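Order of the sequence lines sets the chain letters (A, B, ...), proteins ahead of strands, with each chain counted from 1. Owing to the predicted nature of the structure, the values given are computational and were not obtained by experimental measurement.
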Amino acid sequence: MVKVTVDGIPVEVAAGSSALQACEAAGKEIPRFCYHERLSVAGNCRMCMVEVSGGRKPVASCGFPINEGMQIFTDTEVVRRARRAVMEFLLINHPLDCPICDQGGECDLQDQAFGYGADHTRYHENKRAVTDKYLGPLVKTVMTRCIQCTRCIRFSTEIAGVPELGGISRGENLEITNYVEKALTSELSGNLIDICPVGALTSQPYAFTARSWELKRTDSIDVCDAVGTNIVMQARGAAVLRIVPRINDEVNEEWLADKGRFVVDGFRRRRLDRPWVRVDGRLQPASWQDAFATIATRLKDVPGQRIGAIAGDMCDAESMMALKDLMETLGSPNIDCRQDGAKYDTSRRDFYTFNTGIAGIEDADALLIVGSIPRQEAPVLNARIRKRYLAAGRGGFPIGMIGAPNADPTYAVDVLGQGPDALAALADGTHPFADVLAGAKKPMIIVGHGALTRPDGQAIARACWDLAAKVGAISPDWHGFNVLHTAASRVAGLDLGFLPGPQGRDVAGMLDGGVDVLWLLGADEFPTDRIGPETFVVYQGHHGDAGAARADVILPGTLYAEKPGTYTNTEGRVQEAFRAVMPPGDAREDWRILRAFSEVAGRKLPYDTLEALRARMVQASPVFGHAAWSRHGTSDTTAPDAGTVPVSDAPLRPVISDYYLTHAVCRASPTMETCSGIYVHPAIEAAE
Amino acid sequence: MSVQSDAPQGAEPTHFAFDEDSERQIATVLAKYPPERKASGVLPLLYIVQKQMGRATGSAWIPRVAMDVVAERLEMAPIRVYEVATFYLMFNTTPIGRYHLQVCTTTSCWLRGSDDVTAACKAATGITSFGETSKDGLFTLTEVECLGACSNAPILQVDDDYYEDLDGPRTLELIEALRRGERPTPGPTIARMACAPAGGRKVLREDAVQKPQGQE
């Protein structure tokens, strides 16, 4: 630690800090454009000028190293004049188009011009103009507004791992561009919008929609993947207009994947906003009473063994709890939350969670990825792997992968094999990567759903666990066995035991006429065409998708933006989302629908309030009782059950074929549809 | 100063590959850097590209496909090559004429008559302003900053060669010679050796030694 004084306030900061960090520690706000805590220091905007003792000139604090006893002055006449001069230069070429700029109201330049801008310009030449660039369907550019802070270049190069942006030409002609008219190939490109301090990079789908001060902000959790990214829903009236990330260093730092950000225009399209009942083969609008009565009538005399329920990938824990209890009262053991047919040993929680923790990746020193493409399954988590990879330097963080990636993973990987046979080679030490894992102090293994959804999924998980135990990845202070989930509801579902009971059927067993009545809670990601023709299907959900198309009764439920809900991410971290807007039409909160139906069916569920339901959840699984998640290790290396199917050598396949269209909400979103056309199916787009 | 911009439509070739000459030069360049730092060779490689284009097509410029080839060869992101190629004005990112006429117009040259050189270039080639290429495709006229040969001002750099001590008429002659396919010897265009004093030696001359007063 180094002692410095900032405006007379003594502070202690870590050695190697910059003057700007020291000022922050002292509570002094330093204006800046190019400096960003999570990016490398560029030092090119010159806005963060301060004076230091003994210096003859003001210095740019972001890149100025501190030393013992240094005195920093942040508010002297010299500093103020320097900053005013910098601001005057920045404003020479910046257009005065704030009234038509989407950044207005949340613009760093606007805010800082308020403090350091002059009341008039002394510049009477022509301003420079820059042609706008095409960066794809998500990021809109107005390059004349660019102040060349280079944050976007550094973000795409360092965080996103797609070095596609750069500054071409020089001097007055410098332009930020990708030089070629090509969409940015990153699942994190939306963060460029947040990172741009001016209105040069703004959101294309959100263009000219609303002003930042009109929006009501509600904390929520992203359910498009299992990372549990902390987000803020920004709504005006009844509509969520945009989603931006919320800082949580443990989970997403301050990033948000594109799907979680731009899915928002699917919120109000293809919505189920009233109950429907199928009469003579056609769905007819109905009242809640009629819909409930129809289901209750159909359920009469059906034995519990012939009733089933499947929970979807975006469900909150509350609704799954209510559905599980409802099925229990109906005597049904046939419940399943694993639409993709994944297999886990759920006898212990660390058999199916990401035990190292997302922040824990930064402590790991070797990584093996089995049957997962983190870049598509969890882009934000992938950014954390890349961060570790960059921090470790050349070769410092060896990454092995089993199952070839279908896209650049954004870090160097050693593809050890196509199929699980590579695991055997690691286990018996014949593959050189085995020595890498064995030599590492904190190795970690990520098992993805490319492996777990196979028939031999449990056997692969077992092999990974055994390997982890063998290389010392499982110890009282380090847990290197990780399951990377793709469904936001999965861990909560497993925690609550939303799994087939004794003699219960799983998803595959409920299809092809395995049950007479099938209750789908937002479940669309399984072969709905394989539901038996005689099966009576109740679809409770928010979007008219595969499940609703097959349904005999549709109960309009709510999106994650429209209900208070609890979500457990892949780490097993329990997080709470709040209601941002009211559901449309007759749609109701999902647990309330189940509670109301239970009464009609004569099997009243024992809770009337959300609090009571949550108390029931704690009873079902104590993890819902304590909010804090902490890193853990274990001394118990007892391996998970290997299942009945032995490991086969078939190649591991990616579990996501189209990142932009993985669930019902994004399939309803025009933006996601466009992205899919541009990024995933460019050939089809070109042919049209 | 010339403004960099992308090549006009249709000018961009579809394919670029290094020829044997270039490969030999590349081997020499890359030998200077450790393999994991071979991106350091981006400047010489771009220069090699430009030279090869000059040899092959008569227009020494760097098309984008060639930048991609350089990026691939040096295992760096293409945008990093674009940045370098567009930063240095000596790299032409648009096609140029067979002869690249680069007039220095910085102070020394300007004081010594670079305006006449410019005017002569324009008159001889039909070019009306800097950055243009003549209609016959032979000449491109560029305004450059100090070429560092002020003692021989004004300077006209043709491709890699300096023609010094120019004036209007001698510039016209030079351009006519180029048009005939000749390459006059570079250097001073007046009776002068390199940057030795114009009109012969002025100092340390035996015949000019004046004996001190009072000595016979």
> More than 12 heavy atoms of other residues, nucleotides or ligands under 6.0 Å from CD of A/E37: is that the case?
Replying inline: yes

>> Checking B/Y82 against A/T177 for the side-chain contact (heavy atoms from CB on, under 4.5 Å) test, could you report, in this order, the C-alpha distance in whole Å, the side-chain angles of both residues, the deciding distance, and whether it holds?
In response: CA-CA 10 Å; B/Y82 306 154; A/T177 174; over 6 Å; no

>> Is it true that, when you exclude A/K127 itself, more than 12 heavy atoms of the residues, nucleotides or ligands shown sit nearer than 6.0 Å to its NZ?
In response: yes

> Between the main-chain N or O of A/I168 and the side-chain N or O of B/E83, is there a donor-acceptor pair closer than 3.5 Å?
Replying inline: no

> Nearest heavy-atom pair of A/T157 and B/R80: which atoms, and what distance?
Replying inline: OG1-NH1, 3.5 Å

> Just wondering, are more than 12 heavy atoms of other shown residues or ligands nearer than 6.0 Å to CZ in A/F89?
Replying inline: no

>> Surrounding CZ of B/R98 (heavy atoms of other residues, nucleotides or ligands, distance under 6.0 Å), is the total greater than 12?
In response: no

> Heavy-atom distance under 4.5 Å to chain B: side chain of A/L174, backbone, both or neither?
Replying inline: neither

>> Tell me if a side-chain donor or acceptor on B/T86 pairs with a main-chain N or O of A/S169 at a distance below 3.5 Å.
In response: yes

>> Counting C-beta onward and ignoring hydrogens, is there a side-chain heavy-atom pair between B/T93 and A/Y179 closer than 4.5 Å?
In response: yes

>> Surrounding CD of B/E72 (heavy atoms of other residues, nucleotides or ligands, distance under 6.0 Å), is the total greater than 12?
In response: no

> Around B/R64, counting heavy atoms of other residues, nucleotides and ligands shown, do more than 12 lie under 6.0 Å from its CZ?
Replying inline: yes

>> Please classify the contact between B/M76 and chain A as side chain, backbone, both or neither, with a heavy-atom cut-off of under 4.5 Å.
In response: neither

